[in-house]
Every structure is written in C-alpha cells, then in structure tokens.
Chemist: 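Below is one structure. I have some questions about it.
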Amino acid sequence: MPMSSLRMIDHNEAQQVIERLRVNVPSSIIESERMLQERDRILEAAEAEAVRIVEQAKRRAQDILNNDALVSASRQEAERIIVDSQHTAQQRRDEADRYAARVLEELAEKLRIISKQVDNGLDLLRQNLELGGAAPAKPERRS
C-alpha cells in the first residue's frame, strides 16, 4: 500500500501554536529595539552632559586665567575639572553599557525560551504527524 504524503493534524492546536508565535516573536523584537534605543538615549545624555561639563570647565578656567594673581591655581583647577568631567563621562558610558548588556542578556534569555517553546511545538507537531504515518523531513535549525 503506497504511503500518502498527507497527514492530519489538529487544526485548533496548530492555529494556537501559530498565534503564539505571531504574538511572542514580534513583541520580543520590539522589546529589543526599545532596549537598544534606551541605551542610545542614555549614551547621548552622558555625552551631552560630558560636553556641558567640559564647556563649563573651560569657561571657568578662562575666567580664572583672566585674574593674574590666580593663574597657577586656575590652570590646576581647570585640569582637575577636565579630568573629573572625563571621568564622569566615562562612568556614565560604562553604566549605560552595563545596563544595555544586562537588558540584552535578559532579552537573549527570553528569546532562548521562545525558541525552545517553538522547538517544543515543532516536536509536538512532528510527533502528531508520526502517529499518522511517516514523519516529514526535519528542517535545519538556525543558530
């Protein structure tokens, strides 16, 4: 008896799997884009603050330099302010990078879970298909 390439599956169950995929995957992508935008916003704010601090330091240094009696002290103060502002800017960048890394790690974990759920759903569908006859060839997994 020749084997048919047609298999029966539960339509409602297949529809539910497809609906979950349609809902979960796009929301995860949107969430990752939001996280990246948030990281970019934090980095831009840190850079803007660093520029503001440096400009403020330069103005303050120039004001101090205008006073001949305080020239030496003003140079030291200006250098200190610039170093402090650069340090502060670097700290903000580091904080933003740590935040972005943490958020992206959390998102990667969520995507791993969703991928596992998809794999489980496919395995279940394959098992259902195997109950009705020969199993179709498994598609290659993408990494």
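Position 1 is the first residue of the sequence, and the numbers go up from there. Computed from heavy atoms alone, side chains included, the values below leave out hydrogens, waters and symmetry copies.
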Chemist: Would you mind reporting whether L129 and I9 have side-chain heavy atoms less than 4.5 Å apart?
Modeler: yes
Chemist: Under 4.5 Å between any side-chain heavy atoms of D119 and S115, yes or no?
Modeler: yes
Chemist: What pair of heavy atoms forms the shortest contact from R92 to A46, and how long is it?
Modeler: CB-CB, 3.3 Å
Chemist: To the nearest 0.5 angstrom, please state how far the CD1 atom of I82 sits from the NZ atom of K58.
Modeler: 7.0 Å
Chemist: Under the side-chain hydrogen bond (donor to acceptor under 3.5 Å, both in side chains) rule, what do Q90 and D94 come out as? Steps first, then yes or no, please.
Modeler: CA-CA 6 Å; Q90 184 62 46; D94 291 346; 2.8 Å; yes
Chemist: So, taking the atom named CG in L104 and the one named CZ in R102, what distance separates them when rounded to the nearest 0.5 Å?
Modeler: 10.5 Å
Chemist: Is there a donor-acceptor contact under 3.5 Å linking the side chains of Q127 and D123?
Modeler: no
Chemist: Which distance, rounded to the nearest 0.5 Å, do you find between the NE2 of H11 and the CD of Q16?
Modeler: 10.0 Å
Chemist: Hydrophobic side-chain clustering at under 4.5 Å (ILVMFWY, transitive links): who's grouped with M35? Put none if nobody.
Modeler: I42, Y99, V103
Chemist: Can a salt bridge be assigned to the pair R80 and D84 using a cut-off of 4.0 Å between side-chain N and carboxylate O?
Modeler: yes
Chemist: Do R59 and Q56 have side-chain atoms, one donor and one acceptor, less than 3.5 Å apart?
Modeler: no
Chemist: State, yes or no, whether a side-chain contact exists between I53 and Q86 at a heavy-atom distance under 4.5 Å.
Modeler: no
Chemist: Mind checking the CD1-OG1 spacing from I81 to T88? Nearest 0.5 Å is all I need.
Modeler: 11.5 Å
Chemist: Just wondering, do D97 and L43 contact through their side chains at under 4.5 Å, heavy atoms?
Modeler: yes
Chemist: Which value, rounded to the nearest 0.5 Å, describes the distance between L111 atom CG and Q117 atom CD?
Modeler: 11.0 Å
Chemist: Testing the basics here: between E105 and R112, what is the closest heavy-atom pair and its distance to 0.1 Å?
Modeler: O-NH2, 4.3 Å
Chemist: Would you give the length of the straight line joining atom NZ of K116 to atom CD1 of I114, rounded to the nearest 0.5 angstrom?
Modeler: 14.5 Å
Chemist: Give a yes or no on whether a salt bridge exists between R41 and E44, defined as a side-chain N under 4.0 angstrom from a carboxylate O.
Modeler: no
